[in-house]
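Each chain gets a letter, A, B and so on, in the order its sequence line appears, and its residues count up from 1.
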Amino acid sequence: MDRHYNHQKIEQKWRDVWEKNKLSTADLSSKDKYYCLDMFPYPSGDGLHVGHWRGYVMSDFYARYQMLLGKTVLHPMGFDAFGLPAENAAIKHKSHPKKFTDNAIESFTKQLNQLGACFDWSKRVVTSDPEYYRWTQWLFLQFFKHGMAEKRKSLVNWCPNDQTVLANEQVVNGCCDRCGAKVTKKELSQWYLKTSEYAQELIDGLEQVKWPERVKSLQRNWIGKSVGVELAFKIKDSASEIPVFTTRIDTIFGVTAIVLAPEHQLAKELVVPERSDGFQEYLQTVSAKTNVDRAQAKESEKTAYETGSFAIHPLTNKEIPIYVADYVLLEYGTGAVMCVPAHDERDYQFAITHKLPIKPVIEPETGEVLDNEEFRESIIAIVEDPTTGKFLTLNWGKELGGRLFIGGGRDNNEDAEITARREIAEETGYTDLELIGQTGTLHHHYRAYSKGVNRIIDVTGLHFRLKSKKQDPTKLEDNEIDKFKIEWLTKSEVERLIVDESHILSFHFLVNKQIYTDKGRLTDSGSYSGLSSDEASEKITNDLEKKKLGKAVTTYRLRDWLVSRQRYWGAPIPIVYDPQGQPHPVKDEHLPLRLPEDVDFLPGGESPIARSAEYKERAETLYGKGWYFDTDTLDTFVDSSWYFLRYLSPTDEKQAFDKKTVNDWLPVDLYIGGIEHATLHLLYARFVTRFLAKHGYIDAKITEPFMQLYNIGMVNLHGSKMSKSKGNVVSPDPLIEHYGTDALRGYELFMGPMEIDVEWNPRGISGIHRFLIRLYKLVEKVSDSAKPSDELNNYLASIEPMIAEFRLNTVVAEAMKLINNWEKFETISRGDFQKFIITLSPIYPFLAEELWEKSFSSNYPGSVFAASWPKATTIERLKTIKVLINQKFIATVELTANDEESAVSAALQDPQVEKTLLNRPIIKRIYKPGEVLNLIVSG
RNA sequence: GGGCGAGUGGCGGAACGGUAUACGCGGCGGACUUAAAAUCCGCUGCCGAAAGGCUUGUGGGUUCAAGUCCCACCUCGCCCACCA
């Protein structure tokens, strides 16, 4: 027997044993289940680096932990094997993507097996296998059958480099998320799955799952719900109407233009004949811009074209000019907006470039509405010194409201400017002023503490420029001027130091020329004037609905899922067209609809499959002359949207999945993978699951596929993500060779919190290695005569919540702490040691298995993984409390009884306490049972 | 512009409102060795010779007690972004 830890020997020994007795094959008929799922990898051929390991080690930890708790654990692995890289590699090396994929899977499998993880390979799925994609095709046809798959002609995202269309989710900042090429628009007839019909359910479902808030909010944002009103603007001298969507119906009296997206179908007919030439030109400049240009255009560059037509305001019957402008997007809402320049930033920018009137209809309302408010009118005077650019403020001190501009009440109908000039003179003596700006009314609720009343004030802000620094001391009001200090502040000081809402708002209006986009109180809005934004919105919506001019609607940003791809290496879309071009589902007996072999893979704007003679012939043989298959393939996200169901019956030839087994095993208990799938895969998988539940393919209760999601952080080297192209990949191989698989597993968990990105420290792993060496030696201290120790029990009690909260870095640390203690012992109880080994086995399976075996002098019961997880026992102990004197830690003392009196008397017997107290009287004592005794003494 | 998150030693990071800096890396000193590596032992937040004092981005507040709770600010990171 080895005296020293030889990881290579130990790991090889147990690999061989486990190979013979497979513990990882899950019996799916078992009831007490735990489904532990990794996001299955794309077999890229680049291989696994230490960053990939992290997630797999973590999922393996929980799979093994749950086994020890007695659960039947399913921990499968498979390959997301369709996709562009294999196809591109095949083009480059003049081979077949299948060959490339098979090779990659083989080497990936080898590398995954190095992990020593308990993957259940008997459940393996490979999405590019015909036995798998046969059922992906079946799934698509179920959507088709229920009217949820539809072929539509529309403007789609087109990647000119990959020569294929992309789903909205695959366009990142206007670029292809794979190759980074700028995405263009192209009109094509394509298959869609109607994700948008589930928009609301997909939002609601997020309530049921234990996912990181971050991911939930990412999904909510992506779905992009907004509640508003759709209303129709009649067109002057025309039967047509323009429907617009707004979330701010309360601003309707501020509409000064209607703006359509350039591609809007009504745009053309609205352009009056004499302006049509210019319109064509405008359209061309717009279409020359890619979406990126449009999105990144500066606000001042808002281009627009006036149609020459007019709309009729539904409530005022006034005429409003109609424009087209590319800041309005065809895809969102109705593709047309009502332009309210006074209260919308974009509309404002548009209005100033095109000299449109700006009509304010919302007055700011700040502060909380209070009881018994006393009404006053007042002013805020902002005085600017043009020679320094600084602003005049009065510092009243903390008690009286801090720093403010000059303010003051306004007597009955006194002109605001006169009030302001009087106040300025009284407080500061300045009289030589020029008024350069004035706000509308601003409503402010506040408590005037000095007067003891609640107030609602109507404030007017005025902006003065100092013409000269001449001060007239005779105007100063003597009883006031001692209470404050005059301070001239710079713009940024003002923004930092002035906190009063009404003052800072006035400043933003007058000096920063900001417009007001928040809710407030209506003005100049007919019979709605005076109402709050919320009250008015409700009333206006009701009135419009009564007059049949509009209706409350909810729109979503989520688009339908475009699933057609013009590439080879994917599941063929199982649709056959008759000679008239009508789509029909490929018959069940013809599934899988296999990929044709007689093709090159060169992309050319249409699918490579379209060039297959065999494919054309196959369709005619099966369906008759003139019939032909769809030549596109399905987005690979369709493949991965249901693989977690196939794991449950991977070889079933009769059905995609077994309904009963799915009902038993879903939802997945723990799903581990990177954050990068927050809006793509996770949304699609949720959508597909919902569809299957709704239509009875699985139990209607199973609406969410993944109960708990955990996003594993990346491992970086030199500050950036590991990638082969950057050449900063850390391979596990030399680490395994030198330190062992167990050490690497432990270090993966120890690096830091699991959800955080961490920088790879090449030396860090040696700490775990030393721990394992010391642990290996510890078995020699095991003895039957040693008593169970508190140390083990404390350890067990502390790791339990850590495991529940996924804080595995601290679980690793707790074990180190325990052996640091145990090393000081002469002997260690056999039972304690064995319990400890059980808890280590999910992290260090090889060494745990070895030490488990070694720890038995006789009656070795077999694998540690058949053991059960040790629970901490509660032990009655004397309470240890901390004693503090004047908030400073002095000593810990043991109590005989857990009450304040015995705590105090125990404390007083402590020599350190006595020394610190020096007989000073105790003024106050704070006692928290089991925690702390704080004695407050004088001096 | 909007949303979310984070600021703790030389580094990765610990800390139910109760001795801040656990655990590990690195560093320093020592043992073993002809020597190095590996391993083992001791020390290691900062200032100070020591006594002692100071310390969780900054400034306020609540509390007997704040890294932790509240307010404001600064810095960094991520995501979304002309979404009406």
Side-chain angles (χ1 to χ4, degrees), chain A residues 4-5 172-174 212-218 220-222 224-226 228-229 244-249 251 259 261 291 294-299 301-302 325-329 331-340 343-347 349-350 398 495-497 499 517 555-557 675-676 678-679 738 746-747 750-753 755-771 773-774 777 798 801-802 807 809-818 820 823 881-884 886-892 923-928 930-936:
Chain A
H4 302 289
Y5 174 47
V172 179
N173 286 331
E213 244 346 282
R214 195 156 67 112
V215 179
K216 287 192 191 182
S217 100
L218 234 46
R220 276 190 211 104
N221 279 340
W222 187 262
K225 180 178 181 171
S226 63
V229 175
V244 303
F245 175 72
T246 179
T247 54
R248 288 298 301 276
I249 194 68
T251 63
V259 188
N291 257 34
R294 250 170 98 161
Q296 288 172 354
K298 296 259 160 49
E299 276 161 352
E301 291 164 12
K302 278 198 169 54
D326 66 355
Y327 81 92
V328 177
L329 307 175
E331 307 90 73
Y332 189 77
T334 62
V337 302
M338 55 182 224
C339 171
V340 185
H343 303 293
D344 181 282
E345 201 58 54
R346 293 150 302 158
D347 293 345
Q349 295 298 338
F350 168 74
K398 224 160 87 184
E495 283 165 1
R496 208 171 61 238
L497 298 173
V499 288
T517 56
T555 59
Y556 299 90
R557 200 183 77 123
I675 185 86
E676 66 272 17
T679 46
H738 193 250
Y747 185 58
F750 186 59
M751 283 190 284
E755 74 272 20
I756 301 287
D757 289 357
V758 285
E759 174 72 17
W760 175 259
N761 173 356
R763 310 300 311 270
I765 188 174
S766 62
I768 304 282
H769 188 228
R770 283 177 203 141
F771 163 76
I773 291 167
R774 288 156 60 197
K777 279 193 203 141
S798 55
M802 292 172 180
R807 288 158 41 217
N809 54 329
T810 58
V811 172
V812 173
E814 285 300 312
M816 292 173 169
K817 248 155 92 176
L818 179 60
N820 287 348
E823 278 177 336
I881 62 158
K882 294 152 219 166
V883 180
L884 285 71
N886 284 354
Q887 203 40 45
K888 198 165 163 40
F889 173 79
I890 304 300
T892 54
I923 300 166
K924 187 173 178 180
R925 54 200 207 195
I926 297 108
Y927 175 67
K928 192 176 172 193
E931 290 271 0
V932 75
L933 175 69
N934 189 8
L935 302 174
I936 310 296

Check whether any side-chain N or O of A/N809 sits under 4.0 Å from OP1 or OP2 of B/A14, and answer yes or no.
yes
Between B/C23, B/A14, B/U39, which nucleotide gets closest to the side-chain atoms of A/K777?
B/U39
Round to the nearest Å and state the distance from A/W760 atom CH2 to B/C25 atom P.
14 Å
In whole Å, measure the gap between the P atoms of B/A72 and B/G3 for me.
13 Å
B/A72 pairs with, by Watson-Crick or G-U criteria that keep both distances under 3.5 Å
B/U58
Please examine the side chains of A/N886 and A/I936, heavy atoms only from C-beta on, and report whether any two atoms are closer than 4.5 Å.
yes
Between A/N886 (CG) and B/U63 (C1'), how many Å, whole number?
15 Å
Could you work out the separation of B/A15 and B/U75 based on their P atoms and round it to a whole Å?
29 Å
Among the nucleotides B/A81, B/A14, B/A84, which one has an atom lying closest to any side-chain atom of A/P753?
B/A14
Side-chain contact test, heavy atoms from C-beta onward, threshold under 4.5 Å: evaluate it for A/F350 versus A/D344 and give yes or no.
no
Which whole number of Å gives the distance between the C1' atom of B/G13 and that of B/U56?
13 Å
When rounded to whole Å, the CZ to P distance for the pair A/R763 and B/G12 reads 17 Å
Is there side-chain contact between A/F750 and A/M816, with at least one heavy-atom pair below 4.5 Å?
yes
A/R770 side chain near B/U39 phosphate (N/O to OP1/OP2, under 4.0 Å)
yes
Does B/C4 have OP1 or OP2 under 4.0 Å away from a side-chain N or O of A/R214?
no
When you check the phosphate oxygens OP1 and OP2 of B/A81, does a side-chain N or O of A/R557 lie under 4.0 Å from one of them?
yes
Between B/G3 atom P and A/K216 atom NZ, what is the distance in whole Å?
20 Å
Kindly determine whether A/K777 and A/Y5 satisfy side chain to side chain contact (heavy atoms under 4.5 Å, CB included), including the steps that lead there.
CA-CA 8 Å; A/K777 279 193 203 141; A/Y5 174 47; over 6 Å; no
Taking pairing as Watson-Crick or G-U wobble with both contacts under 3.5 Å, can you name the mate of B/A14, or confirm there isn't one?
none
Under-4.0 Å side-chain N/O to phosphate OP1/OP2 contact, A/K882 with B/G18
no
Would you call the rings of A/H738 and A/H769 parallel, tilted or perpendicular, taking 30° and 60° as the class edges?
tilted
On a whole-Å scale, what distance lies between the C1' atoms belonging to B/G57 and B/G7?
6 Å
If we take the C1' atom in both B/G45 and B/U19, what is their distance in whole Å?
15 Å
Would you say the side chain of A/V337 lies within less than 4.5 Å of the side chain of A/R346, judging by non-hydrogen atoms?
no
Looking at the side chain of A/A813, which of B/C23, B/A84, B/G18 is the nearest nucleotide?
B/C23
Name the nucleic acid region contacted by A/K817, choosing base, sugar-phosphate or nothing; use a 4.0 angstrom heavy-atom cut-off, strictly under.
sugar-phosphate
Which of B/G18, B/G13, B/C23 is nearest the side chain of A/V758? It is B/G13
Under a 3.5 Å cutoff, is there a donor and acceptor pairing between the side chains of A/R774 and A/N820?
yes
Provide the Watson-Crick or G-U wobble partner of B/G26, both distances under 3.5 Å; none if there is no partner.
B/U44
Where the side chain of A/T246 is concerned, which of B/A15, B/G13, B/A84 is the nearest nucleotide?
B/A84
Paired with B/A81 by Watson-Crick or G-U wobble geometry, both distances under 3.5 Å: which nucleotide is it?
none
Expressed in angstrom and rounded to an integer, what is the separation of A/M751 atom CE from B/A14 atom P?
13 Å
I want to verify a distance call: between B/C82, B/C25, B/G13, whose nearest atom is closest to the A/N761 side chain?
B/C25
Does the side chain of A/I926 reach to within under 4.5 Å of the side chain of A/V932, using non-hydrogen atoms?
no
For B/A65, the Watson-Crick or wobble counterpart (both distances under 3.5 Å)
none
Tell me whether A/Y327 and B/C82 count as stacked here, given that the ring centres must be under 5.5 Å apart and the planes must differ by less than 30 degrees.
no
Please figure out whether A/T555 or A/T892 has its closest RNA chain B nucleotide nearer the 5' end.
A/T892
Taking B/A14 as the reference, what is the distance to B/U58 when you measure between their C1' atoms (whole Å, please)?
24 Å
Return whichever of A/S766 or A/G752 has its heavy-atom-nearest nucleotide of RNA chain B closer to the 5' end.
A/G752
Tell me which nucleotide among B/G24, B/C64, B/A84 gets nearest to the side chain of A/M816.
B/G24
Rounded interatomic separation in angstrom, taking NE2 from A/H4 and C1' from B/A38:
11 Å
Could you grab the distance from atom CD1 of A/I675 to atom CG of A/L218, nearest 0.5 Å is fine?
6.0 Å
Side-chain atoms of A/V328 come closest, of B/C82, B/C83, B/A84, to B/A84
What contact category does A/D344 fall into here, base, sugar-phosphate, or nothing, at under 4.0 angstrom with non-hydrogen atoms?
nothing
Out of B/U39, B/C83, B/G24, which has the shortest distance to the side chain of A/L329?
B/C83
OP1 or OP2 of B/A15 sitting under 4.0 Å from any side-chain N/O of A/R807?
yes
Using atom C1' of each nucleotide, how far apart are B/G24 and B/U34 to the nearest Å?
34 Å
For the side chain of A/I936, counting heavy atoms from C-beta on, which of B/A14, B/G12, B/C64 is nearest?
B/C64
Roughly how far apart, to the nearest Å, are B/C47 and B/U39 at atom C1'?
36 Å
What is the separation between atom CZ on A/F750 and atom P on B/C11, rounded to the nearest whole Å?
17 Å
Quickly work out the A/R220 CZ to B/C4 C1' distance and round it to whole Å.
12 Å
Looking across every strand, which nucleic acid part, if any, lies under 4.0 Å from A/S217 by heavy atom: base, sugar-phosphate, or nothing?
nothing
If the glycosidic angle is within 90 degrees of 0 it's syn, otherwise anti, so just tell me which one B/G45 is.
anti
